[in-house]
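Below you'll find the structure, written out as structure tokens, and then a few comments.
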Amino acid sequence: MDLSDSPFSDFLGFELLLADQDRELLGFVRSFMNRQVEPIINDFWTRAEFPHEIVPPMAELGIAGLAYDGPGCPGRGAFVNGMVAMEMSRIDPSIGTFMGVHGGLAMGSIQLCGSEEQKQRWLPAMARMELIGAFGLTEPDIGSAIAGGLATTARRDGDDWVLDGEKKWIGNAAFADLVIIWARDEADGEVKGFVVEKNTPGMTFTKQEDKIALRVVQNAEIHLSGVRVPDANRLQEANSFADTSRVLRVTRMDVAWQATGCARGAFEHALRYTTHREQFGKSIGSFQLVQDLLVKMLSNVTASIAMNVRASQLQDAGVLKDEHASLCKVHSTVRMRETVGWAREVLGGNGILLEHHVGRFVADAEAIYSYEGTREINTLIVGRAITGEGAFV
């Protein structure tokens, strides 16, 4: 193998770091996304609907919970999972986000915070995508301050827990079979996790409408009123927000990879556009200013991949820290925002038409830029690590 074996946007051949079987898996994902997602996604994005028909063939890929080695999970590791997350978001960030919520946040909560019995009960079916998961942490009035300000409550009542509160921006919630709800125990004030099953009385959903980003992702507000959950559905190893953070540390890397995929997809569409768009009698790809933008985009994508590869290697070695994941999230999302803007610039007015795809990446980048911790919050996590001084408030 040599660098010519890698796609043109993998300029330094990072895919060559993968084992043969993992490169084969990445190829299957690429084929699926190219053939079954890209031809239909603009229509679903316009209608703000999710293409449920792609779930069965996606399940056959065996990529749900890819990083985890729990019951029924593929156990391929963080690096392979990151490359797949980037590949999915390279075609459509909404589908990448859908899998990040299901296979990352929801399955990760059970893998990292559940008992062995709970892992056996839920993970195999989730890995087969027979059960779809969602992750309910953010609330209508609490976003960045969620660690100390989480308002949803949990009260022990015999063998059950009673949950009350509101959640917002919960991806997949509109159709999920299992929702991980994080709530504050009224008795000790600590945050605990609960697996709430679909159709549980007292849990209702309101789909969030009129989003301008990730329109295919079905976000919902969750309303919890006297929701009774058996103690058997309480995540047995989730006893404080520190345990919630263990999940977020892992999945924050997923978002860094998704951001890189979003930037990479926009770059690829912009580069293709320059090969057939002509002005002043020649291809715009021959113009110096256009080439300048293309190289800037490629530099951003390549630098982000490099940073994420190293952090994922640390994750696979079990030494990834919060500040590592936060630095990757900050860098990848800032560079993504810059890159999609340059891609739009290359296309001129055509950049706002869905038929050229770039406009979708420009819009979707705005959501990725903010979720899993804003740039400011992640910056302060890194800043605390390098100075020893907390500067949050």
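Along the sequence shown, the residues carry numbers beginning at 1. All of these numbers come straight from a predicted model, not from anything done at the bench.
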Pair listing, side chain to side chain donor-acceptor pair (under 3.5 Å) test, anchored in residues 167-184, at least two apart: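 Qualifying pairs: E139-K167.
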Kindly state each residue pair satisfying side chain to side chain donor-acceptor pair (under 3.5 Å) with at least one member in residues 60-69, sequence neighbours excluded.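 Sorted pair list: D69-Q111.
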Within the supplied structure, the quantity of interest is the number of heavy atoms (other residues, nucleotides, ligands) at a distance under 6.0 Å from R47 CZ; does it exceed 12?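 Counting neighbours around CZ of R47, more than 12 heavy atoms of other residues, nucleotides or ligands fall under 6.0 Å, so yes.
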Atom CG of L354 with >12 non-hydrogen neighbours under 6.0 angstrom: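 Yes, because the 6.0 Å sphere around CG of L354 holds more than 12 heavy atoms from other groups.
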Step by step, work out the salt bridge (Lys or Arg N to Asp or Glu O under 4.0 Å) result for D243 and R246. CA-CA 5 Å; D243 296 313; R246 287 193 293 135; 3.4 Å; yes
Apply side chain to side chain donor-acceptor pair (under 3.5 Å) to residues S304 and R335 and explain how you reach the verdict. CA-CA 8 Å; S304 295; R335 298 284 81 81; over 6 Å; no
A side-chain contact here means heavy atoms from C-beta on lying under 4.5 Å apart; do [X] and [Y] qualify?
{"X": "E166", "Y": "H223", "answer": "yes"}
{"X": "T302", "Y": "F14", "answer": "yes"}
{"X": "K282", "Y": "F287", "answer": "yes"}
{"X": "F361", "Y": "P93", "answer": "yes"}
{"X": "N233", "Y": "F194", "answer": "no"}

Assign the ring pair [X] / [Y] to parallel, tilted or perpendicular, where the plane angle (0 to 90°) is split at 30° and 60°.
{"X": "H102", "Y": "F98", "result": "parallel"}
{"X": "H357", "Y": "H269", "result": "parallel"}
{"X": "Y273", "Y": "H356", "result": "perpendicular"}

Do you know which two heavy atoms are closest between [X] and [Y], and how far apart they sit?
{"X": "V179", "Y": "I222", "answer": "CG1-CD1, 3.8 Å"}
{"X": "I146", "Y": "L137", "answer": "CD1-O, 3.5 Å"}
{"X": "Y369", "Y": "M336", "answer": "N-CE, 3.9 Å"}
{"X": "A154", "Y": "W161", "answer": "CB-CE3, 3.9 Å"}
{"X": "I368", "Y": "K329", "answer": "O-NZ, 3.3 Å"}
{"X": "G143", "Y": "T138", "answer": "CA-CG2, 4.3 Å"}

Can you tell me which residue pairs pass the salt bridge (Lys or Arg N to Asp or Glu O under 4.0 Å) test with a partner in [range], sequence neighbours excluded?
{"range": "residues 309-327", "result": "R249-D322"}
{"range": "residues 200-216", "result": "none"}
{"range": "residues 90-102", "result": "E87-R90, R90-E268, D92-R360"}
{"range": "residues 372-382", "result": "none"}

Checking D188 now: which residues fulfil salt bridge (charged side-chain N to carboxylate O under 4.0 Å, His left out) with it, not counting sequence neighbours?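 With neighbours one apart ignored, the set is K192.
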Mind checking salt bridge (charged side-chain N to carboxylate O under 4.0 Å, His left out) for E278 and listing every partner two or more places apart, or none if nothing turns up?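 With sequence neighbours excluded, E278 shows a salt bridge (charged side-chain N to carboxylate O under 4.0 Å, His left out) to no residue whatsoever.
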Please name all residues satisfying side-chain hydrogen bond (donor to acceptor under 3.5 Å, both in side chains) with [X], sequence neighbours left out, ordered by chain then number.
{"X": "Q236", "value": "R234"}
{"X": "R128", "value": "E130"}
{"X": "S109", "value": "none"}

Other members of the hydrophobic cluster containing I381, with the 4.5 Å side-chain heavy-atom rule, please.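 For the cluster that includes I381, the remaining residues are I377, L380, F392.
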Say whether M58 and V101 are linked into one hydrophobic cluster, either directly or through other cluster members, by side-chain heavy-atom distances under 4.5 angstrom.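 No; tracing contacts between hydrophobic side chains, which count when under 4.5 Å, never links both residues.
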Is there a side chain to side chain contact (heavy atoms under 4.5 Å, CB included) between N34 and I91 once you walk through the steps? CA-CA 7 Å; N34 286 337; I91 298 299; 3.2 Å; yes
Quick one: do L235 and V195 satisfy side chain to side chain contact (heavy atoms under 4.5 Å, CB included)? Show the steps, please. CA-CA 7 Å; L235 293 174; V195 180; 3.8 Å; yes
Could you check whether any side-chain N or O of S115 sits under 3.5 Å from a backbone N or O of Q118, counting only pairs where one atom can act as donor and the other as acceptor?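 Present.
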Below 4.0 angstrom, N of the basic side chain to O of the carboxylate: do R156 and E186 qualify?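 Salt bridge: no.
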Report the C-alpha separation of L271 and M297 in whole Å, then their side-chain angles, then the decisive distance to 0.1 Å, and conclude whether the side chain to side chain contact (heavy atoms under 4.5 Å, CB included) test is met. CA-CA 10 Å; L271 180 58; M297 286 186 270; over 6 Å; no
Please determine whether side chain to side chain contact (heavy atoms under 4.5 Å, CB included) holds for the pair N300 and W342, giving the CA-CA distance in whole Å, both sets of side-chain angles, and the decisive distance to 0.1 Å. CA-CA 11 Å; N300 280 350; W342 283 333; 3.4 Å; yes
